[in-house]
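Here is the structure we will look at, set down as structure tokens.
Both counts, for ligands and for their atoms, begin at 1 and track the order of listing.
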Amino acid sequence: MPSKTTIPEALQITSQIHQKIFLVDGELREWKGENTEVISTISSTEEYAHTVLGSIPNMGEAEALEALDAAIGAFDQGQGLWPTMKVKDRIECMESFVKKMEEKREEVVKLLMWEIGKSMPDSYKEFDRTVEYIYDTIEDYKQLDRNSAKFSKHDGVYAHIRRGPLGVVLCLGPYNYPLNETFALLIPAIIMGNTTIFKPAKHGVLLITLLLEAFQSSFPKGVVNILFGRGRAVAAPIMKTGKVDVLALIGNSKSANALQDQHPKSNRLRLVLGLEAKNPAIILPDADLDLTINECIAGTLSFNGQRCTALKVVYVHEDVKDEFLKRFSEKVDALKFGNPWDEGVKLTPLPEPGKPDYIQELLDDAKAKGAKVKNKKGGRRSDNYIWPAVLYPVTKDMRVYEEEQFGPIIPVVSFTDIEEPLDDMAESNYGQQVSLFGKDVYTLSPLIDTLANLVCRVNLNSSCQRGPDVYPFTGRKDSAQSTLSVHDALRSFSVRTFVAFKDNDLNNETIEQLLEAKVSNFLSTDYIL
Ligand SMILES: O=C[C@H](O)COP(=O)(O)O
């Protein structure tokens, strides 16, 4: 693992990328219009102020509609193209892509650090986790296909049931996991036989351009179309046509709702959405505080709290509140701030110029309404960074109680009756995960049952997280639509479809011939009988 990266090295990578290229209908096309500068997140520090890493095309309606036409063409042209292609051939395309992607590991990781400020270990983890996700998806897809080889028979009717694609998928990924979360949508959508239009987020976008050629050379034309620009300029015109079958987005519900509203037949639209969350930690009086504090540090502050799964409010029982606040605050102040490649760094620059100002607003609002900053460094500004603030007591009238802060600020609420956090969770607009810290099984057991009906994942004595990627990733209320995971995503991007036939002489003969001919995925699978 390289120990350091430098601006010249980052610029060398970006200068080798042909930054004015986009992918439509199997062609890497040259963009001749306006561009937008990509400024490094590390620019928020004085040392690297205003480092321009490159630029990306500022596309609009014309390119968006060309990409849509290409995706529709690749889906609709019938026999032999992507949706009807033999499963093993589709798998070969995906294997070819992932192999080419693996060759780009070092460059992609460096751009993750420079573009979004993710620490070096976490950047490698994001890349490796994504590659593993693709291989696991391929394996799971093979298994799905193998299982579908079995015929059903009920009341004299045979059925061969498979999973088929839904159509055209518009895929929009987030800046905090520009590779992993985007590909957690894109890869299952593609492998299931859908065709796609993908637009990366505004941060973490150059690293996608590193992979354009791998996409172009691995998949038939029109299967993957990649555009750049603002969501409003690119995604909205596509939605307005009403020709998108799936909106796949990880981001905020405001964008998801706005796009959904553009679709004239939104009742036909499948939604695969990963949205906001306000995951709480609940600390019971008998919790192991050493473990709890470590888990809460990771849960609240990994990648500066810029994770939808981050712990965004801590409920601590009154009996252990003082000790928790003291020790937790000391640990927060002992974390190391620095550039992503610095050894042992836990806090890194924030990507959006407005983010530290927003955190400051939340902090000022809470302080004006009676909360105190419990850690010595809390709220200090250094360059464009704001040091994590541990806030107590936080009350319902404060903005930080309600809003998904998605950054380094930690609201703490104390309770004496467990009904208090449970009522808050029941009233919340969100329902993704919870972390529960405690030991007594007779207290934990009924609580786990209750919590499991309020959120979709209860983490016992551990922080909230999405992975391992084989586990379901979803949420209740405004937190999600559909489920992601290696296994679930294949189902989220497909529909069950089948061929049925009555048991008669003509059919018996026809089926035998179809099985023999092996020309379609139906009634002729390689694994059948
Ligand atoms: O932004 C939300 C991500 O899904 C969080 O994923 P993670 O728990 O793996 O960091």
I'd like to know if Arg129 and Glu126 make a salt bridge, using a cut-off of under 4.0 Å between side-chain N and carboxylate O. no

When Glu404 is tested against each of Arg399, Lys254, Lys312, Arg307 for salt bridge (Lys or Arg N to Asp or Glu O under 4.0 Å), which residue passes? Lys312

I'd like to check which ligand 1 atoms, numbered from 1 as shown, lie under 4.0 Å from a non-hydrogen atom of Arg307. 1 (O), 2 (C), 7 (P), 8 (O), 10 (O)

Quick one: look up the protein heavy atom nearest atom 6 (O) of ligand 1 and list residue, atom name and how far away it is. Arg466 NE, 2.9 Å

Proximity of Asn176 to ligand 1 by residue part, where a heavy atom lies under 4.0 Å: side chain

Ligand 1 atoms nearer than 4.0 angstrom to some heavy atom of Phe473 are 4 (O)

Would you say Glu402 has more than 12 foreign heavy atoms packed within less than 6.0 Å of its CD? no

Are Phe183 and Tyr133 close enough, and set up right, to give a ring-ring contact (aromatic ring centres under 6.0 Å, His included), and what steps lead you there? CA-CA 9 Å; Phe183 282 27; Tyr133 183 90; 9.2 Å; no

To which protein heavy atom is atom 3 (C) of ligand 1 closest, and what is the distance rounded to 0.1 Å? Glu181 OE2, 3.0 Å

Between Phe324 and Phe328, how do the two ring planes meet: parallel, tilted or perpendicular, split at 30° and 60°? parallel

Nearest protein heavy atom to atom 9 (O) of ligand 1, by residue and atom, and its distance? Arg129 NH1, 2.8 Å

Closest protein heavy atom (residue, atom, distance) for atom 10 (O) of ligand 1: Tyr177 OH, 2.4 Å

Answer side chain, backbone, both or neither: which part of Glu126 comes under 4.0 Å from ligand 1, heavy atoms only. neither

Main-chain N/O of Glu115 paired to Thr41 side chain as donor or acceptor, under 3.5 Å: yes

Does the Lys NZ or Arg CZ of Arg90 fall within the cation-pi geometry relative to Tyr141 - under 6.0 Å from the ring centre and within 45° of the axis? no

Please write down residue, atom name and distance for the protein heavy atom closest to atom 5 (C) of ligand 1. Thr309 OG1, 3.1 Å

Going by the atom numbers of ligand 1, which of them fall below 4.0 Å from some non-hydrogen atom of Gln465? 8 (O)

Identity and distance of the protein heavy atom lying nearest atom 2 (C) of ligand 1: Cys308 SG, 2.2 Å

Decide whether a cation-pi geometry holds between Lys118 and Tyr177; the criteria are a distance under 6.0 Å from NZ or CZ to the six-membered ring centre and an angle within 45° of the ring axis. yes

